[in-house]
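Here is the structure we will look at.
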Amino acid sequence: MATRFWLFKSDPDEFGLSHLMKCPEQTTLWDGVRNYQARNYMREMKSGDGVLFYHSQTKPPAVVAIAKVVREAYPDPTQFDPLSKYHDAKSSRDEPRWSVVDIRLESALDRAVTLPEMREEPALTDMELLRKGSRLSIQPVRSAEWKRIRAMGRRQAPKA
DNA sequence: GCCAACGTTGGC
DNA sequence: GCCAACGTTGGC
């Protein structure tokens with residue numbers, strides 16, 4: 001199956017690129033997702049899939065790094081932990097409700113690709129991220145969008 | 001800080 | 001199974 005591409009939103013106040021860079025092997029499990037659609041996307045992911053690492057709640061919000069999926073979906077341990085804010089009493093170990101994948105940082109972009117820039121980019125007009133009211137924290141990204149954003153993130157912003 | 005959009009919950 | 005109420009997300 002062909003490599004697929006995804007966008008992961010993170011709130012850098014909670015867990016952003018600087019946190020990911022400090023993780024052992026710059027790898028982390030993506031825990032705490034409590035939205036079924038986002039969960040289902042994680043369950044579709046394959047090792048090697050590409051990840052756009054996005055900071056929300058920043059001024060401006062922006063894609064800041066490239067990562068990749070290095071472990072496919074498995075149960076989110078926080079759902080079983082009564083002390084976790086992600087604890088889910090309705091989930092059971094026999095039938096875990098929530099999943100995680102592991103992602104590893106590949107590289108920070110040379111320059112952040114901001115949301116307003118993306119809105120101005122004709123090649124990106126169909127992106128889920130740019131849809132009004134789009135709140136999904138994990139979204140599929142088309143191959144052409146992936147390439148375009150990577151190009152925009154190189155040292156010099158190319159002409160549109 | 002505001003508020004629109006969205007998902008979830010729970011009463012009926 | 002509908003839908004109003006509520007909580008959350010996230011850009012602005």
Side-chain angles (χ1 to χ4, degrees), chain A residues 4-23 28-45 49-69 73-103 105-106 108-142 144-153 157-158 160:
Chain A
R4 297 177 67 186
F5 304 102
W6 311 91
L7 181 143
F8 282 40
K9 282 185 194 170
S10 75
D11 177 351
D13 285 341
E14 236 184 281
F15 188 96
L17 178 56
S18 63
H19 301 90
L20 180 57
M21 291 200 298
K22 285 184 211 138
C23 290
T28 190
L29 78 172
W30 205 252
D31 60 10
V33 170
R34 295 293 179 268
N35 170 285
Y36 287 104
Q37 199 175 346
R39 180 205 69 180
N40 292 344
Y41 283 139
M42 282 202 288
R43 289 180 177 179
E44 291 178 27
M45 292 178 193
D49 279 3
V51 172
L52 297 174
F53 194 88
Y54 175 84
H55 281 173
S56 65
Q57 322 271 38
T58 53
K59 295 179 189 176
V63 176
V64 294
I66 300 297
K68 71 176 177 183
V69 175
Y74 59 99
D76 182 342
T78 63
Q79 70 195 308
F80 307 125
D81 178 0
L83 298 179
S84 169
K85 68 171 172 173
Y86 300 122
H87 180 238
D88 184 347
K90 293 180 188 156
S91 186
S92 72
R93 286 182 189 273
D94 289 342
E95 273 187 76
R97 186 179 287 191
W98 305 110
S99 299
V100 294
V101 295
D102 286 1
I103 63 167
L105 178 65
E106 206 144 284
L109 294 178
D110 293 334
R111 49 178 296 282
V113 177
T114 68
L115 187 61
E117 270 181 285
M118 293 167 73
R119 288 199 189 284
E120 284 176 19
E121 173 56 51
L124 303 179
T125 46
D126 291 334
M127 270 192 86
E128 165 73 20
L129 182 70
L130 305 183
R131 284 194 23 236
K132 186 172 175 160
S134 168
R135 294 192 317 175
L136 205 53
S137 64
I138 293 180
Q139 311 176 353
V141 171
R142 295 176 187 85
E145 296 162 349
W146 165 266
K147 285 184 194 150
R148 187 72 200 128
I149 289 167
R150 293 204 65 167
M152 291 166 78

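Residues meeting the ring pair (Phe, Tyr, Trp, His ring centres under 6.0 Å) test with A/F5, sequence neighbours left out: A/W146.
A/Q79 places no side-chain N or O within 3.5 Å of a backbone atom of A/H87 that could act as its donor or acceptor partner.
When rounded to the nearest whole Å, the span between CZ of A/R34 and P of B/dT9 equals 12 Å. The distance from atom CD of A/Q139 to atom C1' of C/dT9 is 12 Å, rounded to the nearest whole Å. When rounded to the nearest whole Å, the span between CZ of A/F15 and C1' of C/dT9 equals 20 Å. Distance CD (A/Q57) to C1' (C/dT9): 7 Å, rounded to an integer number of Å. Taking atom CD on A/E128 and atom C1' on C/dG11, their separation rounds to 15 Å, with Å as the unit. Atom pair A/L136:CG and C/dG11:C1' shows a separation of 16 Å (rounding to whole Å applied). Rounded to an integer number of Å, the gap from NZ of A/K59 to C1' of B/dC2 is 13 Å. Spacing between atom CZ of A/R131 and atom P of B/dA4 amounts to 18 Å, rounded to whole angstrom units.
Side chains of A/T78 and A/D76: a donor on one and an acceptor on the other come within 3.5 Å.
Contact annotation: A/K9 does not reach the phosphate of C/dT9 (side-chain N/O to OP1 or OP2, under 4.0 Å).
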Protein-nucleic acid N or O pairs under 3.5 Å, nucleotides 5-8 of chain C:
residue, atom, partner, partner atom, Å
C/dT8, O2, A/R135, NH1, 2.5

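Residue-level contact check: A/P60 touches neither bases nor backbone, having no heavy atom under 4.0 Å from any strand.
For the pair A/E145 and A/R148, the salt-bridge criterion is not met [side-chain N within less than 4.0 Å of a carboxylate O]. Taking 4.0 Å as the cut-off between side-chain N and carboxylate O, A/D88 and A/R97 count as a salt-bridged pair.
Atom NZ of A/K9 has more than 12 neighbouring heavy atoms from other residues, nucleotides or ligands inside a 6.0 Å radius.
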